[in-house]
Enquirer: 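The structure is given below, and queries will be raised subsequently.
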Amino acid sequence: MSSTQDTSPRSRSLASENPPHPFALVAAMRSMGYSPPTALADLVDNSITAAARKVAIRVSPPRGTSDSGFVSIEDDGKGMPSDKLFEAMRWGGNGPDRSRQAQDLGRFGLGLKTASLSMGRVLTVATRHERGAKLCVLRWDLAHVEKSGWEILEGPDVHAVPAIEASSLSDPQRCGTIVVITQLDRLSIRSGHQAHAERNEAALFRKIASHLGMVFHCFIADGVEIKLGSTVVVPWDPFEGADLKDQERLGEKVAVTSFVLPHHSRITREQDGRLSGPLGWPAHQGFLVYRERRLIVPGGWLRLFSPEEACRLARIRIDLPNSVDDGWGLNVMKSSVVPPSWVMADLQRIGEATRRQARAVFNFRGERQAPSEAVEDPLAPRAFWNQIPTEDSIRFRINRAHPIVQTLKQSLREPGAAEQFLKTFERLLPLDAILQDPKRTTNGAVTELQRDDLRDILTLAKKAICVLRAQGHDQATAERIVLCAEPFAFHRADLEPHLS
Ligand SMILES: Nc1ncnc2c1ncn2[C@@H]1O[C@H](COP(=O)(O)OP(=O)(O)O)[C@@H](O)[C@H]1O
Ligand SMILES: [Mg+2]
């Protein structure tokens, strides 16, 4: 309170302290909007910043009134001495403006507390920074904050003890940190039906694993092991097999790299499924923003464009150092950025160019380069059209090694007539119409087949198999060659049961 006598409203508001009610503030902070996967990712950030090579996560949702569950994140990182642990448990740490070492994945001094308490009511942190040293343990308990304000407690929550004892830190020679969250009031998978609870739990685990595999894929590729229960988290690389199209810097610090993923005829069905990503094709097109190699934004066009099916192969990687957090509007949960206005024109230009390139690949149903006519691998996926770039144009040629073409050639008495037919067909390719309305003119092969179309395509596939058999392939190989080729490859599931 001010010691002056002036009690006008203005001077009172300048001079009086008006601290938050601790419990009200903490209760609000835990509802910031974390989901279990994003909360766990924030805690894994801390482990990776502490140079951990192994992170083990256990999630045991509440199973009844006597078991309120626990979540633990154990790492083999540097650990903390007691004074550093005390600082680490302080809400807000030293504030967001403290300069950070490069590679520090933290920012606001909140994640450890807010992310943990978004799942449960008690947070215990146990840590050892030197071999043989005593384990330092502190905890925040919401019930205690409600009674006693900002008083931090020493020692573990009673329900966290088994997790700490089962961890590698029970060995005094091991360094690292274990974060244990107990009294999980926000991680219920309960349901009236036991089967539903199991299904919910399995879905929760899948979401957590796929989120962690996505945001930490660079670190996992570098050898950091993240385990969820006994399962090792598999990385998801959004740029696997992508063609690098362009690379430039925005200012001194930010790198932007444009990629276009391969057309689906050039990859296996399994690769196609993998590339679609944890959130599916529409969500991952556009800008993928990394901060210190940790994925923050897994796609979307930063409000510059709308998602478009034909642009789904466009993925543009933006790499930010942690020193530009402020300018790029990083949010506390590290799940979004707001780019500064001076980069928007460049992002628009890069986005437009990459979208154009991605559309061209998406709408094209042929090889990008003409393979040699003597086909190397008989089982390599085969496109019907070859694209042959010349100095000033691109020519489209029918792939003479394609099974349909082989079938056509064999079914005509005079081989010269077949060649004549193919050349005429190539000359008549309605290129203008395709370019004007690429989606409508080129996507026919991937739409669902009508019964009559299926019959036709099946007849053609069978004929192609006969021709291949006559060339010396066995039945299984002939079938596989045909099923790798367009358009049969698009309808593999429909055709396969009827082939032999
Ligand atoms: N697993 C850990 N190992 C070592 N230090 C940690 C760990 N988790 C948290 N810390 C320390 O606690 C501090 C506060 O963490 P946090 O609340 O997540 O904020 P921030 O990561 O933004 O600094 C970190 O800066 C770090 O020094
Ligand atoms: Mg953190």
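All ligand and atom numbering here is 1-based and tracks the order in the structure.
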Enquirer: Are any of the side-chain nitrogens in R90 or E87 under 4.0 Å away from the carboxylate oxygens of its partner?
Expert: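 Salt bridge between R90 and E87, a charged N being under 4.0 Å from a carboxylate O: yes.
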Enquirer: Can you tell me which portion of K84 lies within the under-4.0 Å heavy-atom range of ligand 1? Options are side chain, backbone, both, or neither.
Expert: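 The answer is the side chain.
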Enquirer: Using heavy atoms and a 4.0 Å limit, tell me yes or no: is G77 in contact with ligand 1?
Expert: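 No, G77 has no heavy atom closer than 4.0 Å to ligand 1.
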Enquirer: Indicate, as side chain, backbone, both or neither, the part of M80 found under 4.0 angstrom from ligand 1 when only non-hydrogen atoms are considered.
Expert: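 Just the side chain.
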Enquirer: Considering non-hydrogen atoms of the protein only, which is the closest contact for atom 16 (P) of ligand 1, and what is the distance?
Expert: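 Checking every protein heavy atom, the shortest distance to atom 16 (P) of ligand 1 gives L112 N, 3.5 Å.
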Enquirer: Short list, please: which atoms of ligand 1 are under 4.0 Å from a heavy atom of F108?
Expert: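 Those of ligand 1 that fall under 4.0 Å from F108 are 22 (O).
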Enquirer: Can a cation-pi geometry be assigned to R355 and F305, taking NZ or CZ under 6.0 Å from the six-membered ring centre and within 45° of the ring axis?
Expert: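 Judged by the rule, R355 and F305 form a cation-pi pair.
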Enquirer: Considering only protein heavy atoms, determine whether one is less than 4.0 Å from atom 24 (C) of ligand 1.
Expert: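 For atom 24 (C) of ligand 1 the answer is no, since every protein heavy atom stays at 4.0 Å or beyond.
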Enquirer: What is the closest protein heavy atom to atom 1 (N) of ligand 1, and at what distance does it sit?
Expert: D75 OD2, 2.9 Å
Enquirer: Does the pair D326/R107 count as a salt bridge with the N-to-O cut at 4.0 Å?
Expert: no
Enquirer: Tell me which protein heavy atom sits closest to atom 19 (O) of ligand 1, plus the residue, atom name and distance to 0.1 Å.
Expert: G109 CA, 3.1 Å
Enquirer: Taking atom 4 (C) of ligand 1 as the reference point, report whether a protein heavy atom occurs under 4.0 Å from it.
Expert: yes
Enquirer: Checking only N/O/S atoms, does N46 have one that is under 2.8 Å from the Mg ion (ligand 2)?
Expert: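 Under 2.8 Å: N46 contacts the Mg ion (ligand 2) through an N, O or S atom.
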Enquirer: Salt-bridge test for D222 and R293: reply yes if a basic N is under 4.0 Å from a carboxylate O, no otherwise.
Expert: yes
Enquirer: Under 4.0 Å, counting heavy atoms only: does K78 come that close to any atom of ligand 1?
Expert: no
Enquirer: For W236, does its backbone N or O pair with a side-chain atom of R274 as donor and acceptor, under 3.5 Å?
Expert: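 A pair under 3.5 Å: no.
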Enquirer: Heavy atoms only, cut-off 4.0 Å: how does A88 contact ligand 1, side chain, backbone, both, or neither?
Expert: both
Enquirer: Once you measure the plane-to-plane angle for H217 and Y290, does it fall in the parallel (<30°), tilted (30-60°) or perpendicular (>60°) bin?
Expert: perpendicular
Enquirer: Does the ring of F259 carry R317 above it, NZ/CZ under 6.0 angstrom from centre and within 45° of its axis?
Expert: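 Pair R317/F259 does not count as cation-pi.
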Enquirer: Which of the atoms in ligand 1, numbered in the order shown and given with their element, are less than 4.0 Å from a heavy-atom of R107?
Expert: 20 (P), 22 (O)
Enquirer: What are the atoms of ligand 1, with element, lying closer than 4.0 Å to any heavy atom of A50?
Expert: 3 (N), 4 (C)
Enquirer: Which one holds for L110 and ligand 1: side chain close, backbone close, both close, or neither close, with close meaning a heavy atom under 4.0 Å?
Expert: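 Looking at L110 and ligand 1, just backbone atoms fall under 4.0 Å.
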Enquirer: Is the shortest distance from a Lys or Arg side-chain nitrogen in E248 or R349 to a carboxylate oxygen in the other one below 4.0 Å?
Expert: yes
Enquirer: Salt bridge or not between K54 and D76? Use side-chain N to carboxylate O under 4.0 Å.
Expert: no
Enquirer: Looking only at protein heavy atoms, which one is nearest to atom 17 (O) of ligand 1, and what is the separation?
Expert: K113 NZ, 2.8 Å
Enquirer: Quick one: look up the protein heavy atom nearest atom 21 (O) of ligand 1 and list residue, atom name and how far away it is.
Expert: N46 OD1, 3.0 Å
Enquirer: State plainly whether the residues R206 and E201 are in salt-bridge range, i.e. N to O under 4.0 Å.
Expert: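 A salt bridge is absent here (no side-chain N lies under 4.0 Å from a carboxylate O).
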Enquirer: Quick check: are there more than 12 heavy atoms from other residues, nucleotides or ligands sitting under 6.0 Å from CZ of R174?
Expert: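 Count not over threshold, so no.
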Enquirer: Please classify the T177 to ligand 1 contact at 4.0 Å (heavy-atom distances, strictly less than): side chain, backbone, both or neither.
Expert: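 T177 to ligand 1: side-chain contact only, backbone stays beyond 4.0 Å.
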